[in-house]
Amino acid sequence: MKIGIMGAGALGGYFGARLQQAGNDVWYVARGAHLAAMRTSGLTVHSPKGDLALERVQATDDPAEVGQVDVVLFMVKNRDVESAGAQIAPMLGPDTVVVTCQNGVTAWERLAAVIGPERVVPGVARIPGEITSPGVITHTAALDILIFGEAGGGTSDRCRALHDALAAAGTTPQLSETILHELWSKFCGQAALASITTLTGLDIGPLRDTPESARLFRDAIEEVIRVGKAAVPDLPDDLLEKNWKFIGSILPPHMHASMLDDLRNGKPLENDWLSGDVVRLGRKHGIATPIHWAFFAALKPLADRLEAAGRG
């Protein structure tokens, strides 16, 4: 397959490297020092699932150089969804599928408004990792799950083809016939995880091991679930238990949200699309969200400062 990685950061770079090693024609769209390093030295991945050192990669900052592809793994930050959606036009052929992988529950709809809903397949990524230096990605736990499926429900030949390519590359793809359930299931835990780790500057270990912060963590998840059930009424009833099991026993204690890494690195925060979207969607559906309002409001000055610095 010819695959374009739009936003080849830690997430996109990891999946792209695995797919390239498996023999796919992979193009990486990136920027800055990370792009420069990939052009000169290739791409390195350190991972508990096996290290990779790709000496040559096809890396660019211009989607027109890539041309039409079979699949775009759309892995930009939430703040860039609309602008990056417009930029990928040269990569879109008549049958190109674009898989969204952003945090939150609104990115796929926002992208669909730019490129057309028929092209968009919503996805959910569960993989911890970061760019530890330009051209070097560190995958910090043996989780590399990418869940995706048709927005209207069910699967399709195009989803099955991508699933097979990802599986052959040694990653952990999962086809979902109810992808909106998967989006909300992750969002319930991710919105809480992102805000509480960013506000405290702590990994999840001490947060889940301290009774008071563990209670806040669970209550924050439950608040998102109430909003989710208003937005998608057939959401399953076990979301709290599944999320708390994932956070409480599956994720390693050193895990924290990528938003905390962004704060530490002086990058813009995704506050608007995590706790911010909980608050907005809560208002839309008449659900009170006092915990996430407090999270959103407390992070807002930091988010505004970093956004302004990014524009400057």
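Because only heavy atoms are used, hydrogens play no part in the values below, and waters and symmetry mates are left out as well, while side chains stay in. Quantities reported herein were computed from a predicted structural model and do not represent experimental measurements.
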Quick one: CG on Asp157 to CG on Leu162, what's the gap to the nearest 0.5 Å?
13.0 Å

Would the distance check show the side chain of Lys186 and the main-chain N or O of Ala125 forming a donor-acceptor pair, the cut-off being under 3.5 Å?
yes

Look only at the side chain of Thr96 and the backbone of Val69, and say whether a donor-acceptor pair between them is shorter than 3.5 Å.
yes

Do you see a donor-acceptor pair shorter than 3.5 Å between the side chains of Thr171 and Asp144?
no

Keeping to residues at least two apart or across chains, list the side-chain hydrogen bond (donor to acceptor under 3.5 Å, both in side chains) pairs with something in residues 3-12.
none

Mind checking the CD-CG spacing from Glu222 to Leu239? Nearest 0.5 Å is all I need.
11.0 Å

Determine, for Tyr28 and Arg39, whether the Lys NZ or Arg CZ falls below 6.0 Å from the six-membered ring centre while staying within 45 degrees of the axis.
no

Of all heavy-atom pairs linking His256 and Leu202, the shortest is CB-O, 4.1 Å

With rounding to the nearest 0.5 angstrom, report the OG1 to CG distance, Thr106 to Leu111.
11.0 Å

Run the salt-bridge test on Arg79 and Glu270 with the 4.0 Å N-O cut-off and return the result as yes or no.
no

Scanning both residues in full, the closest heavy-atom pair of Ala303 with Asn271 reads CB-CB, 4.3 Å

Under a 4.5 Å cut-off applied to non-hydrogen side-chain atoms, are Arg158 and Glu150 in contact?
yes

Are side-chain N/O atoms of Glu130 and Thr138 paired as donor and acceptor at under 3.5 Å?
no

Exactly one of Val26, Asp70, Asn24 clears side chain to side chain contact (heavy atoms under 4.5 Å, CB included) with Lys2, and that residue is Asp70

Which pairs with one or both residues in residues 54-64 pass side-chain hydrogen bond (donor to acceptor under 3.5 Å, both in side chains), sequence neighbours excluded?
Asp25-Gln58, Thr60-Glu65

Mind checking the CD1-NE2 spacing from Ile127 to His139? Nearest 0.5 Å is all I need.
4.0 Å

Quick check on Arg31: does its CZ atom have over 12 non-hydrogen neighbours (other residues, nucleotides or ligands) under 6.0 Å away?
no

Hey, is Asp277 close enough to Arg280 for a salt bridge, meaning N to O under 4.0 Å?
yes

Within the 4.5 Å heavy-atom criterion, are Arg119 and Leu92 side-chain neighbours or not?
yes

Criterion side chain to side chain contact (heavy atoms under 4.5 Å, CB included) on Arg226 and His285, from CA distance to verdict
CA-CA 10 Å; Arg226 289 195 292 272; His285 294 284; over 6 Å; no

Closer than 3.5 angstrom, by distance alone: can the side chain of Thr178 be matched with the main-chain N or O of His181 as a donor-acceptor pair?
no

What's the shortest heavy-atom distance between Glu223 and Ala288, and which atoms?
CG-O, 4.0 Å

Taking Gly135's backbone N and O only, do any of them form a donor-acceptor pair with His34's side chain (distance below 3.5 Å, no angle check)?
yes

Pairwise side-chain contact, Leu146 with Gln174, heavy-atom cut-off 4.5 Å (strictly under):
no

Which class fits the ring pair Phe148 and His163: parallel under 30°, tilted 30 to 60°, perpendicular over 60°?
tilted

Would the number of heavy atoms belonging to other residues, nucleotides or ligands and lying under 6.0 Å from NZ of Lys267 be above 12?
no

Pairs touching residues 286-303 that satisfy side-chain hydrogen bond (donor to acceptor under 3.5 Å, both in side chains), sequence neighbours left out:
Ser275-His292, Lys300-Asp304

